[in-house]
Amino acid sequence: MVKALVAALDERVRQAMTTALGVAAQRVDPLIRPSDHADFQANGVLPLAKSLKADPRQLAAKVAQALAADELITSCEVAGPGFLNLTVADSAISTQVAARLGDPRLGVPPADTDNVAVIDYSQPNIAKEMHVGHLRSTVIGDALVRLLEFTGTKVIRQNHLGDWGTQFGMLIQYLVEHPELRAHAEGESGSEAISRLNALYRDSRARFDNDPEFADRARRRVVALQAGDRETLEGWREIVAESKVYFEDVYDRLRVLLVDEDAVGESFYNPFLTEVAEDLERRGIAVRSDGALCVFFDDVLGPDGNPVPLIVQKSDGGFGYAATDLAAIRYRVQTLGANRILYVVDSRQALHFKMVFETARRAGYLPGAVEAVHVAFGSVLGPDGKPFKTRAGDTVRLISLLNEAVEHARRTVEAKNPSLDPALLPRRADEVGIGAVKYADLSTSRTRDYIFDLDRMVSLNGNTSVYLQYAHARIRSILRKLPADAANAGVHARLELAPAERRLAMLLDQFGATTQAVVESLEPHRLCGYLYAVAQAFTDFYESCPVLKAPSEAVRDNRVALCRLTGDTLRLGLESLGIAAPEQL
RNA sequence: GCCCCCAUAGCUCAGCGGAUAGAGCAGGUGCCUUCUAAGCACUUGGUCGCAGGUUCGAGUCCUGCUGGGGGCACCA
């Protein structure tokens, strides 16, 4: 594993500060940052000068003196109020490239191997179509899973399906009364499954609204379901199974990692709900209020000024989702062994999670050492800035959105690259179109509302997945054209680097720090920004540094190495976001 | 009324407490006998919502205000 340049500089400057300024400097962060004025700058002298009541420029000069030029640092100059501008040796940069080259992890060590993260995302509802609202949770969650795994965290995916509730009474009752609807074709496609479910939902709803006797039977069916009646459960299982056929189709299409084993729906926690409620009530954490079992908080009040509770158990004895969430926390901590629990859920649920987490803390279900985070994201809005709806005012089906994106991508790929083998076109259109949708979602900061503008995201310009895929494809194209013996040549570290070469190489060196920052902040858009910067730096390099026609074999070897490492960085980065990196566009 | 999120170029958005605030789109001017022009170079465009504060240093942190979005008792 390779130490990044920033880390090496941190060590060297820290040392020099201690040498020059004594023990007072020992614990001071040298604050090494990439710089516009040099390769890096160290800002750490300024705060130190303040605490020593000394002239920062003088202190900086002493540190600069202690930093004798070596194989890492070629120059160190005092600038501004007391910055240290650091210039790094070309050979050190090339050595970094050589050290990362060919490693599947690009030389980045897995840093978080002791952590177990449970991540709860996607959460579609059984018997219902997935819509744009599920897009962000699914896509962001998937990216976080991949990045957490990359940093060494053990990740347990949990798809908290909405697979329980009163609406099932209606569906199951209708199914029982119309056995012909139960015909379930073997090898049914996802779209067939969801259209059957849609029809079932539509027809049973209509019947429920228009036929009071049916409505009564449906209500009794809810009771039967909760009581575990065999015939009723059978109908429920059928509906769940059919929904999963559809979900897996969508997940497959979206290229996310979720599989059936990750589906742990609300119903899974049913056996624990009574126990949780009793536990909370017995210990006085929850109290009865208007017949409901409630947890109150000093700082949660309604519009009337009265406290608003988290309702663990409804006055009719039924359980709401608060009870399920509490049982889930207990399970995730005690059984799954999580020390980090992430909920990738719409930001509108903020208050709910605040109350659930607080309750779980009081109850000890969430020990102090375990972190629970609501990874909130903003709403998906239409181009008009209002909640995204079809012209008819309906929610937009996720799958129609994806179809549209892929179709758009297909037309573009066809137009831009007529030489592409037509047999490859559908797959390429899929990789480009789905990637564009996912990237558009991931590249904007999570907490903000997000305007879904298909034209923009598949416009294939600027900070989009296609720009990254294009840069990657260009690299692969160069590497394919290389003479066989040149593909794996080493790095000549003593060769001087062109400006575009060193900028690119130094950026590549930050991959590990970037993934680490994403995993800590849970903000995938930082990785997007980084990859975009890499792609831009590569394009700059591409314009000014010919590879196949390099002035010498040694220069070509170095450029090949840069191409390989850039390509691998882009591919690993895109894959970490759940986006394909085709060899060719 | 209370709580959460947001406010940066005409538009959509970046910007880990560091020096002159950046992209893309839109507008203007150039660049394909040369590794993919899905690209590049140059150019036009800013009281970082307002007011205080912390700091050697604030778009970034804190407080208040204004404006926008969302949430706040038995639906999930």
Side-chain angles (χ1 to χ4, degrees), chain A residues 31 33-37 41 43 46-47 49-50 56 79-83 85 123 125 162 164-167 266 289-294 299-316 318-322 324 346-352 354-355 374 376 378-379 381 383 385-387 412-413 415-417 419 432 443-445 447-451 453 456 459-464 466-467 469-471 473-482 513-514 517 520-521 525-526 528-529 532-533 536 539-540 542-550 559 563 584-585:
Chain A
L31 299 172
R33 304 279 185 267
S35 177
D36 294 335
H37 307 275
Q41 60 186 70
N43 303 331
L46 283 154
K50 179 64 179 173
F83 301 121
N85 284 351
Q123 307 122 348
N125 293 315
W164 202 251
T166 50
Q167 76 276 16
E266 293 168 346
S289 168
D290 290 345
L293 185 62
C294 299
D299 53 349
V300 181
L301 306 175
D304 52 7
N306 293 324
V308 172
L310 181 75
I311 295 177
V312 177
Q313 188 176 24
K314 297 184 281 184
S315 51
D316 68 1
F319 294 102
Y321 71 144
T324 310
D346 194 307
S347 61
R348 284 175 295 194
Q349 301 291 327
L351 181 60
H352 169 70
K354 177 185 153 83
M355 295 195 290
H374 174 204
S379 306
L381 308 177
K386 295 188 179 144
T412 311
V413 171
K416 295 286 185 185
N417 189 358
S419 62
V432 171
S443 59
T444 187
S445 65
T447 49
R448 294 171 64 128
D449 287 347
Y450 145 65
I451 293 189
D453 188 337
R456 182 177 292 118
S459 75
L460 318 185
N461 277 309
N463 186 7
T464 62
V466 190
Y467 184 84
Q469 288 172 325
Y470 181 57
R474 276 174 148 182
I475 292 167
R476 301 307 306 171
S477 171
I478 291 172
L479 296 178
R480 274 195 301 273
K481 287 179 178 150
L482 228 41
T514 305
E520 280 164 17
S521 64
H525 81 280
R526 291 193 189 199
C528 297
Y532 184 51
Q536 280 181 311
T539 306
D540 187 29
Y542 181 89
E543 297 288 325
S544 58
C545 303
V547 179
L548 300 179
K549 290 175 184 168
R559 290 179 179 172
C563 283
Q584 196 185 358
L585 279 195

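Here is the naming used below: chain letters follow the sequence lines, and residue numbers restart at 1 for every chain. All of these numbers come straight from a predicted model, not from anything done at the bench.
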Glycosidic torsion of B/C50 (syn if within 90° of 0, anti otherwise) classifies it as anti

Give a yes/no on whether any side-chain N or O of A/Arg474 is located under 4.0 angstrom from OP1 or OP2 of B/A37. yes

Which nucleotide sits closest to the side chain of A/Tyr467: B/C4, B/A38, B/C40? B/C40

B/G15 phosphate, OP1 or OP2, under 4.0 Å from A/His525 side-chain N/O: yes

Within this structure, what is the CD1-to-P distance between A/Ile475 and B/A38, rounded to whole angstrom? 16 Å

Please evaluate residues A/Leu46 and A/Phe83 with respect to the criterion side-chain contact (heavy atoms from CB on, under 4.5 Å), reporting the C-alpha separation (whole Å), side-chain torsions for both, the decisive distance (0.1 Å), and the verdict. CA-CA 7 Å; A/Leu46 283 154; A/Phe83 301 121; 3.6 Å; yes

Atom CD1 of A/Ile451 and atom C1' of B/G24: how far apart are they, to the nearest Å? 15 Å

Watson-Crick and G-U pairing of RNA chain B, under 3.5 Å, as dot-bracket with | and [ ]: (((((((..((((....[...)))).(((((.......))))).....(((((..]....))))))))))))....

Using nucleotides 21-23 of chain B, report all nitrogen or oxygen pairs with the protein that are shorter than 3.5 Å.
unit_1, atom_1, unit_2, atom_2, d
B/A23, O2', A/Tyr532, OH, 3.0

Identify which nucleotide among B/C35, B/U36, B/G18 has an atom closest to any side-chain atom of A/Leu585, counting heavy atoms from C-beta outward. B/U36

Does B/C35 have OP1 or OP2 under 4.0 Å away from a side-chain N or O of A/Ser477? no

So, OP1 or OP2 of B/C13: does either fall under 4.0 Å of a side-chain N or O from A/Tyr450? no

Mind checking the P distance from B/C13 to B/A9? Whole angstroms is fine. 11 Å

A/Lys416 and A/Val466: side-chain contact (heavy atoms from CB on, under 4.5 Å), yes or no, with the steps? CA-CA 12 Å; A/Lys416 295 286 185 185; A/Val466 190; over 6 Å; no

When all nucleic acid strands are considered with a 4.0 Å heavy-atom cut-off, which category describes A/Ala471: base, sugar-phosphate, or nothing? nothing

Protein-nucleotides 58-62 of chain B N/O pairs under 3.5 Å:
none

Polar side-chain contact A/Asn85-B/A19 base: donor and acceptor under 3.5 Å: yes

Could you tell me how far B/A23 sits from B/U43 if I compare only their P atoms? Round to whole Å. 11 Å

Take atom CZ of A/Arg476 and atom C1' of B/C35, then tell me their distance rounded to the nearest Å. 14 Å

Please figure out whether A/Pro81 or A/Arg480 has its closest RNA chain B nucleotide nearer the 5' end. A/Pro81

Looking only at non-hydrogen atoms, find the nearest pair between A/Ala79 and A/Asn85 and report the distance. CB-ND2, 3.5 Å

Taking every heavy atom of A/Leu351 against every heavy atom of A/Val300, the minimum-distance pair comes out as CD1-CG1, 4.1 Å

Sugar-phosphate only, base, or nothing, as touched by A/Gln469 at under 4.0 Å among non-hydrogen atoms: nothing

Kindly write out the residues that satisfy ring pair (Phe, Tyr, Trp, His ring centres under 6.0 Å) with A/Tyr321, not counting sequence neighbours, or none if the list is empty. A/His352

Using the salt bridge (charged side-chain N to carboxylate O under 4.0 Å, His left out) criterion, which residues pair with A/Asp36? Sequence neighbours excluded. none

Check the distance between B/C35's C1' and A/Tyr470's OH and give it to me in whole angstrom. 11 Å

OP1 or OP2 of B/A41 less than 4.0 angstrom from a side-chain nitrogen or oxygen of A/Tyr542, does that happen here? no

Assign A/Lys354 to base, sugar-phosphate, or nothing according to its heavy-atom contacts below 4.0 angstrom with the strands shown. nothing

Heavy-atom closest pair (A/Asn463 atom, A/Cys528 atom, distance to 0.1 Å) is OD1-O, 4.2 Å

Sequence-distant partners of A/Asp346, salt bridge (charged side-chain N to carboxylate O under 4.0 Å, His left out), two or more places apart: A/Arg348

Write down the distance separating the C1' atoms in B/G59 and B/G15, rounded off to the nearest Å. 8 Å

Residues in ring pair (Phe, Tyr, Trp, His ring centres under 6.0 Å) with A/His374, at least two apart? A/Phe353

If the condition is side-chain contact (heavy atoms from CB on, under 4.5 Å), which residues does A/Ser315 pass it with, not counting sequence neighbours? none

Look at A/Ser35 and B/G18 and indicate whether a side-chain polar atom (N or O) is within less than 4.0 Å of OP1 or OP2. no

Please state how far atom CZ in A/Arg448 lies from atom C1' in B/C5, giving the value in whole angstrom units. 10 Å

Could you tell me how far B/U63 sits from B/A21 if I compare only their C1' atoms? Round to whole Å. 25 Å

With C1' as the reference atom in both, quote the distance from B/G22 to B/G45 in angstrom, rounded to an integer. 13 Å

In whole Å, what separates the C1' atom of B/U54 from that of B/U12? 34 Å

Provide the distance between the two C1' atoms, one in B/G17 and one in B/C62, to the nearest whole Å. 13 Å

B/A19 and B/U36, which share atom name C1', separated by this distance in whole Å: 39 Å

B/A19 P sits how many Å from A/Gln41 CD, rounded? 7 Å

Nearest heavy-atom contact between A/Leu548 and A/Ile478 is CD2-O, 3.9 Å

What residues form a side-chain contact (heavy atoms from CB on, under 4.5 Å) with A/Gln123, not counting sequence neighbours? A/Asp120, A/Ser137, A/His160, A/Val345

Check salt bridge (charged side-chain N to carboxylate O under 4.0 Å, His left out) between A/Arg559 and all other residues, then give those that pass, not counting sequence neighbours. A/Glu501

Per-nucleotide protein contact string for nucleotides 63-76 of chain B (B base, S sugar-phosphate only, - none; heavy atom under 4.0 Å): ------SSSBBBSB

For a quick check, tell me whether the side chain of A/Glu543 and the base of B/A41 share a donor-acceptor pair closer than 3.5 Å. no

Evaluate the side-chain proximity of A/Trp164 to A/Thr324: yes if any heavy-atom separation is below 4.5 Å, no if none is. no

If you take all heavy atoms of A/Ser379 and A/Asp449, which pair is closest and at what distance? N-OD1, 2.9 Å

Nearest whole Å is fine: how far is B/U34 C1' from A/Ile478 CD1? 12 Å

Could you give the CG-to-P distance, from A/Asp299 to B/C2, as a whole number of Å? 13 Å

Would you mind telling me which of B/C40, B/C35, B/A14 lies closest to the side-chain atoms of A/Thr539? B/C40

The reported gap from CG in A/Asp290 to CD1 in A/Ile311 (rounded to nearest 0.5 angstrom) is 9.0 Å

What residues form a side-chain contact (heavy atoms from CB on, under 4.5 Å) with A/Asn125, not counting sequence neighbours? A/Lys128

Residue-phosphate contact under 4.0 Å: A/Thr447 side-chain N/O, B/C6 OP1/OP2: yes

